[in-house]
Engineer: 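First the structure, then my questions, so here it is.
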Amino acid sequence: SGKWAQALSILREFEEKCGTPISKLKQVADAMTVEMHAGLASEGGSKLKMIISYVDNLPTGDEKGLFYALDLGGTNFRVLRVHLGGKEHRVVKQEFEEVSIPPHLMTGSSDALFDFIASALAKFVATESDGLHFSPDRQRELGFTFSFPVRQTSISSGTLIKWTKGFSIDDTVGQDVVGELTKAMERVGLDMRVTALVNDTIGTLAGGRYHNPDVVAAVILGTGTNAAYVERAHAIPKWHGLLPKSGDMVINMEWGNFRSSHLPLTEYDEALDAESLNPGEQIFEKIISGMYLGEIVRRVLCKMAEEAAFFGDTVPAKLKIPFILRTPHMSAMHHDTSPDLKIVATKLKDILEISNSSLRMRKVIVELCDIVASRGARLSAAGIVGILKKTGRDAVKDGEKQKSVVSLDGGLYEHYTKFRTCMEDTLVEMLGDVSNNIVIEHSNDGSGIGAALLAASHSQYT
Ligand code: ADP
Ligand code: MG
């Protein structure tokens, strides 16, 4: 019928606008490299903040002792305890606990959020077994992974630039987040010192390097997205401090805020952005990361329902609710291999209360998931190529077989198989022969371990 054709034409138009041929991906990678240069040249020189992390030494394996880490960056936070045994014994023991953040705390007051975190940490510390105990005059030390844009002022302090990923607490912005946590720890009677403040990309880079000395960059694909890499300190014009002995400085790119005229943006992305908590910001993140992919699918389905009666004469009420279709649901539908697509049918029924879906409708929905996921995955690959270009690792130098390992982590990368495969295939497509020297490695919770390792190397006692 005419309606069906109209629905398909909405899909085709969307597909066309989302197109990411290699020529376009190369432009995106080049734009990423250009913005990296600009962000390193001067503060505010680019949409890419290219934040100096103050991490100028990555773990070596010599780290020893008992250290804590706290990972806050999305809907959950994790507390970790790691017993490091040095070169010979490596990670002797590792324990963690995951706590979900009550949604009202994500938009409440700074004190309420940090009190909640400090109490959970205090409870976890109380489970420390006697065998691991510290000498009484030695303070416990913590690596704090805080995955929001922070203007770092030292390895263990930094002020919050803005919240992202659905957090919005005005009184934290501009504050030192280590100060906020330290005050909360004092309020709950926990004697602990934050010796390293990092974000998940830096933590993942540190954790990755601990296991593999060829790790040069880390990328997070989770609720949000970001990347960090090792830069040569003398290639950072905006750095006016002393050149570190190592000659290196880890840069937190905050690439979620990348934006370029080469990005394939659609009317749906523009509407999503305009109605978001942070309009005009985090545009790269809004077309790539787990917080948004399902929502983009929902928006396209909504248009197909409204303008082409895709689900019948009325628009399903649930379909109009922003963020109702989460990326894990989308992923489940996308991976449905049953001949009658019964997982798609079940998701439509359970989430959107659509019970009359036909097989051809379900096929269209799987295709829509594929368009949205492929665009995100291919653009992530282009971002990685941008980093490799900036560091001169996108070409084979004469005879040199330099391996470059990129540590990847985050729920989207970990669980969305088609996304991950597409991203990895695209890297090979973009890099050709050079891809033999590039390794993508899943750093399973490297970020927590990494923060503990950095807490160890920046201990007040060493
Ligand atoms: P965060 O980024 O909040 O620190 P994670 O790295 O665990 O946390 O990523 C969680 C995100 O990963 C979720 O918001 C979701 O978008 C995505 N995700 C989790 N599970 C799946 C899944 N099965 N399929 C696709 N995406 C998933
Ligand atoms: Mg995380």
Side-chain angles (χ1 to χ4, degrees), residues 69-80 96-103 105-106 113 117 143-150 163-167 198-208 218-228 252 254-256 272 276 282 284-298 322-336 343-344 346-347 351 366 368-370 372-377 380 407-423 442-452:
L70 175 65
D71 181 346
L72 174 69
T75 45
N76 292 314
F77 77 93
R78 285 152 57 82
V79 285
L80 286 90
F96 75 90
E97 221 160 84
E98 193 161 275
V99 185
S100 67
I101 299 171
L105 290 182
M106 295 167 64
L113 176 68
I117 293 165
F144 183 17
T145 306
F146 182 78
S147 304
F148 300 93
V150 160
W163 288 104
T164 55
K165 295 178 280 191
F167 280 70
V198 295
N199 73 6
D200 48 3
T201 57
I202 312 263
T204 301
L205 183 61
V219 173
I220 300 292
L221 293 161
T223 305
T225 184
N226 190 12
N252 161 21
E254 289 299 334
W255 88 358
L272 182 157
S276 70
Q282 303 292 108
F284 199 48
E285 177 161 279
K286 284 171 183 160
I287 52 179
I288 285 181
S289 78
M291 177 159 173
Y292 304 100
L293 296 184
E295 171 64 4
I296 301 169
V297 169
R298 183 196 69 83
F323 292 99
I324 194 169
L325 186 69
R326 315 294 308 182
T327 302
H329 302 139
M330 165 192 178
S331 165
M333 295 195 288
H334 194 176
H335 289 98
D336 189 353
I343 295 172
V344 179
T346 308
K347 290 288 172 197
I351 300 157
V366 172
L368 174 57
C369 293
D370 193 59
V372 173
S374 303
R375 177 182 65 163
S380 314
S407 287
L408 263 286
D409 201 11
L412 183 69
Y413 175 79
E414 217 177 322
H415 303 298
Y416 202 146
T417 310
K418 281 185 187 283
F419 185 101
R420 183 179 64 228
T421 313
C422 176
M423 192 200 79
H442 178 209
S443 161
N444 205 355
D445 187 43
S447 113
I449 289 266

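Every number for a ligand or one of its atoms is a count from 1 in the order of the listing. These numbers come from the heavy atoms of this one structure, side chains and all, not from hydrogens, waters or symmetry mates.
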Engineer: So for ligand 1, is Gly222 a polar contact partner (N or O within less than 3.5 Å, distance only)?
Structural biologist: no
Engineer: Check for a donor-acceptor pair, side chain of His329 on one end and backbone N or O of Arg326 on the other, with a separation under 3.5 Å.
Structural biologist: yes
Engineer: With a 3.5 Å cut-off and no angle check, do the side chains of Ser447 and Asp71 form a donor-acceptor pair?
Structural biologist: yes
Engineer: What is the closest protein heavy atom to atom 13 (C) of ligand 1, and at what distance does it sit?
Structural biologist: Thr223 OG1, 3.9 Å
Engineer: Which atoms of ligand 1 sit under 4.0 Å from any heavy atom of Gly290?
Structural biologist: 16 (O)
Engineer: Got the closest protein heavy atom to atom 17 (C) of ligand 1, with its distance?
Structural biologist: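 Result: Leu412 N, 3.8 Å.
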Engineer: Is there a polar contact, in the sense of an N or O pair closer than 3.5 Å, between Thr327 and ligand 1?
Structural biologist: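 In fact, backbone or side chain, Thr327 has no N or O that close.
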Engineer: Any non-hydrogen side-chain atom of Ile101 less than 4.5 Å from a side-chain atom of Asn76?
Structural biologist: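 Result no, sub-4.5 Å side-chain heavy-atom pair not found.
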Engineer: Any idea which atoms of ligand 1 are less than 4.0 Å away from a heavy-atom of Gly74?
Structural biologist: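 Ligand 1 atoms under the 4.0 Å threshold to Gly74: 3 (O).
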Engineer: Does Ser331, backbone or side chain, put an N or O under 3.5 Å from an N or O of ligand 1?
Structural biologist: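 Yes, at least one N or O pair falls under 3.5 Å.
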Engineer: Do Asp200 and Asn226 get their side chains close enough for a donor-acceptor pair, meaning under 3.5 Å?
Structural biologist: no
Engineer: If we ignore hydrogens and angles and just use 3.5 Å, is the side chain of Ser331 paired with the main-chain N or O of Thr327 as donor and acceptor?
Structural biologist: no
Engineer: Using distance alone, with no hydrogens and no angle criterion, decide if Tyr416 and His334 have a side-chain donor and acceptor under 3.5 Å apart.
Structural biologist: yes
Engineer: Look at atom 20 (N) of ligand 1 and say which protein heavy atom is nearest, naming residue and atom and giving the distance to 0.1 Å.
Structural biologist: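 Result for atom 20 (N) of ligand 1: His415 CD2, 3.5 Å.
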Engineer: Considering only heavy atoms of Gly410, which atoms of ligand 1 have at least one such atom less than 4.0 Å away?
Structural biologist: 6 (O)
Engineer: Which residue holds the protein heavy atom closest to atom 5 (P) of ligand 1, what is that atom called, and what is the gap in Å?
Structural biologist: Gly411 N, 3.4 Å
Engineer: Which atoms form the tightest heavy-atom contact between Asn199 and Phe146, and what is the distance?
Structural biologist: CB-O, 3.3 Å
Engineer: Tell me, do Arg298 and Leu272 make a side-chain contact under 4.5 Å, heavy atoms counted?
Structural biologist: no
Engineer: Out of Pro328, Ser447, Ala332, who gets a non-hydrogen atom closest to atom 15 (C) of ligand 1?
Structural biologist: Pro328
Engineer: Based purely on interatomic distance, does Gly224 place a nitrogen or oxygen under 3.5 Å from a nitrogen or oxygen of ligand 1?
Structural biologist: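 By distance alone, the answer is no.
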Engineer: Just checking Phe148 against Phe167, ring centres under 6.0 Å apart?
Structural biologist: yes
Engineer: Are any of the N/O atoms in Leu221 less than 3.5 Å from those in ligand 1?
Structural biologist: no
